[in-house]
Engineer: 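This is the structure, below, for whatever I ask next.
Naming: A, B, ... by sequence-line order, numbering from 1 per chain.
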Number of protein chains: 2
Amino acid sequence: MRRRQEERSQATRAALVGHARRLFAERGYAAVPADEVVAAAGVTRGALYHHYGDKQGLFRAVFEEIEREVTEQVAEAIVGEDDLWQVMLRGLAAFLDACERPEVVRIGLTDAPAVLGWQTWREIEAEHGLGLIIALLERAINEGVIAPQPVPVLAQIVLGALIEAALLIAAAEDRQAARAAAERSVQTLVSGLLVDSAARGAEAPGGRPTQ
Amino acid sequence: MRRRQEERSQATRAALVGHARRLFAERGYAAVPADEVVAAAGVTRGALYHHYGDKQGLFRAVFEEIEREVTEQVAEAIVGEDDLWQVMLRGLAAFLDACERPEVVRIGLTDAPAVLGWQTWREIEAEHGLGLIIALLERAINEGVIAPQPVPVLAQIVLGALIEAALLIAAAEDRQAARAAAERSVQTLVSGLLVDSAARGAEAPGGRPTQ
DNA sequence: ACAGAAACATACATGCGGTACGTATGTCAA
DNA sequence: TTGACATACGTACCGCATGTATGTTTCTGT
């Protein structure tokens, strides 16, 4: 029974990931020396390279943690809702809520694709946020709400729109206004996918922009 | 009249940007030492830091050159076309064509936001591709083709979708198939913005997906 | 022709990432 | 319990890359 050593490792990893997350979010991956992370975590470089192989490995762990959190936040927001359009509205809002945290924007949206490479980023994303969107779209097609089409492709493109919306909001001077406008724009865009957008608009009063 | 010196500088800058462009495209900004760029360009670090201040400055120059090329390519493809929906279709196709070149994908779409920071990236983008999209959408609103709404926000989100589509194509095994599917998805998404999508679909036979 | 500036080249300082190696502690089997 | 081994680090060092400071040469205006 190896219990104490396991806990020790976990504690070290948690400290490394936690402080790395904060520092990467504040100044970006490239601008934070590994020395600073390990110093903040109260360990040395040895611990980092033992657990994560290299600096990029640590970043990946941080990214995956953030991905899990965001996806869970979105999943919680849509659970129990039957109406697909409402699910989409709530999911969108929850995602933009999650992206209010600067760490999510800087680490998850800005740095991750460049640091890990787009391919790797996409693979990880497919198991979290992208996977959620794919599931949603497939369900929508099955219910006949949107027209049949290659789901993974559409999902990726929609994710791109979502990410850009979140980045736009994060960089805006007036976050409130930007959030309202961006959320509305995404709603407009996605509502165009519905086979009978007008009907949906009636079902969800105020939910779908009609102006 | 300073003519010879001007030409000399221009030649040096062209060599630096040219080789940097190739190397950055092949292995990414972070993985290419400045030494390698200046060696390929047949100069020394002195020339680089004289003209561009730092390595990031050189990258910025490369990025702006690529942006100009892509935007010009798209602009050429849509000039002379009156029908707005056709303009969008052609612009989309031209953009995806431009993104077939790996340098555009790696430098312009993957590295640039992380290297320059999203804010700076966005400012540069606003004077090129994003600016083009904004102009298009404003014209569309003026003509009553799409509903009035905050254009810069919508443009940015659409750009995000376009970029993700291009990245998806670039990373796909079967580029042909991915290109067809992605282009179609973006068409579907954007066509949802039109106030009377059905009418547009009739005007442009085969152009707008109706399945 | 000469003063100054621009366009580089060279040398150096600094800092960061990765690796090799040492060490202490935990783990399991006999 | 004890010896063999694995795990989890700490330490020291190397190579490399960036940026800067300082020369040196080539132009350019007067």
Engineer: Would you say C:dC8 has OP1 or OP2 under 4.0 Å from some side-chain N or O of B:Thr12?
Structural biologist: yes

Engineer: In whole angstrom, give the distance that lies between atom CD of B:Gln56 and atom P of D:dT18.
Structural biologist: 12 Å

Engineer: Taking CD from A:Glu6 and C1' from C:dG26, how many angstroms apart are they, rounded to a whole number?
Structural biologist: 12 Å

Engineer: How bent is the helix from C:dA1-D:dT30 to C:dA30-D:dT1, measuring the angle between the end axes built from five pairs each, rounded to 10°?
Structural biologist: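 End-to-end axis angle: 10°.
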
Engineer: State whether A:Arg8 places a side-chain N or O below 4.0 Å from either non-bridging phosphate oxygen (OP1 or OP2) of D:dT7.
Structural biologist: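 The answer is no; no side-chain N or O of A:Arg8 sits under 4.0 Å from OP1 or OP2.
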
Engineer: Can you check the B:Phe59 CZ to D:dT18 P distance for me, whole Å?
Structural biologist: 14 Å

Engineer: Reading nucleotides 12-17 of chain C from the 5' end, what letters show protein touch, with B for base, S for backbone sugar-phosphate only, - for no heavy atom under 4.0 Å?
Structural biologist: ----SB

Engineer: Does the distance from a Lys or Arg side-chain N to an Asp or Glu carboxylate O, for A:Arg179 and A:Glu100, drop under 4.0 Å?
Structural biologist: yes

Engineer: Let me know the distance between CG of B:Leu58 and C1' of D:dG19, rounded to the nearest Å.
Structural biologist: 14 Å

Engineer: At less than 4.0 Å, is any side-chain N or O atom of A:His51 found next to OP1 or OP2 of D:dA8? Yes or no.
Structural biologist: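 Answer no for this pair, as no side-chain N or O of A:His51 is under 4.0 Å from OP1 or OP2.
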
Engineer: Would you check if there is a donor-acceptor pair between the side chains of B:Arg68 and B:Gln73 at a distance under 3.5 Å?
Structural biologist: no

Engineer: May I ask you to say whether A:Glu26 pairs ionically with A:Arg106, meaning some side-chain N is under 4.0 Å from a carboxylate O?
Structural biologist: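 A salt bridge is absent here (no side-chain N lies under 4.0 Å from a carboxylate O).
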
Engineer: Is the closest side-chain donor-acceptor distance between B:Glu81 and B:Gln86 under 3.5 Å?
Structural biologist: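 There is no such pair (donor and acceptor under 3.5 Å, judged by atom type) between the side chains of B:Glu81 and B:Gln86.
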
Engineer: Would you call the rings of A:Phe59 and A:Phe63 parallel, tilted or perpendicular, where under 30° means parallel and over 60° means perpendicular?
Structural biologist: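 Correct class here is parallel.
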
Engineer: Apply the test salt bridge (Lys or Arg N to Asp or Glu O under 4.0 Å) to residues B:Glu67 and B:Arg60: give CA-CA distance (whole Å), side-chain angles for both, the deciding distance (0.1 Å), then the verdict.
Structural biologist: CA-CA 10 Å; B:Glu67 279 291 293; B:Arg60 185 189 171 116; over 6 Å; no

Engineer: Does the pair A:Glu103 and A:Arg21 meet the rule for a salt bridge (Lys or Arg N to Asp or Glu O under 4.0 Å), with working shown?
Structural biologist: CA-CA 7 Å; A:Glu103 7 166 19; A:Arg21 177 176 174 151; 2.5 Å; yes

Engineer: Mind calculating the distance between CD (B:Gln10) and C1' (C:dA6) to the nearest angstrom?
Structural biologist: 15 Å

Engineer: Please report the closest heavy-atom contact between B:Trp85 and B:Val190, naming both atoms and the distance.
Structural biologist: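 So the two residues come closest at CZ3-CG1, 4.2 Å.
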
Engineer: Return the nearest nucleotide to the side chain of B:Thr44; candidates are C:dT10, D:dG10, D:dA8.
Structural biologist: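 Looking only at heavy atoms from C-beta outward on B:Thr44, the closest nucleotide is C:dT10.
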
Engineer: Has B:His50 got a side-chain N or O lying under 4.0 Å from the OP1 or OP2 atom of C:dA7?
Structural biologist: yes

Engineer: Report the residues that fulfil side-chain contact (heavy atoms from CB on, under 4.5 Å) with B:Ala172, sequence neighbours left out, ordered by chain and then residue number.
Structural biologist: B:Ala178

Engineer: Need one value for A:Ser9: base, sugar-phosphate or nothing, where a base atom within 4.0 Å counts as base even if backbone is also close, heavy atoms only.
Structural biologist: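 The residue A:Ser9 makes sugar-phosphate contact but no base contact.
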
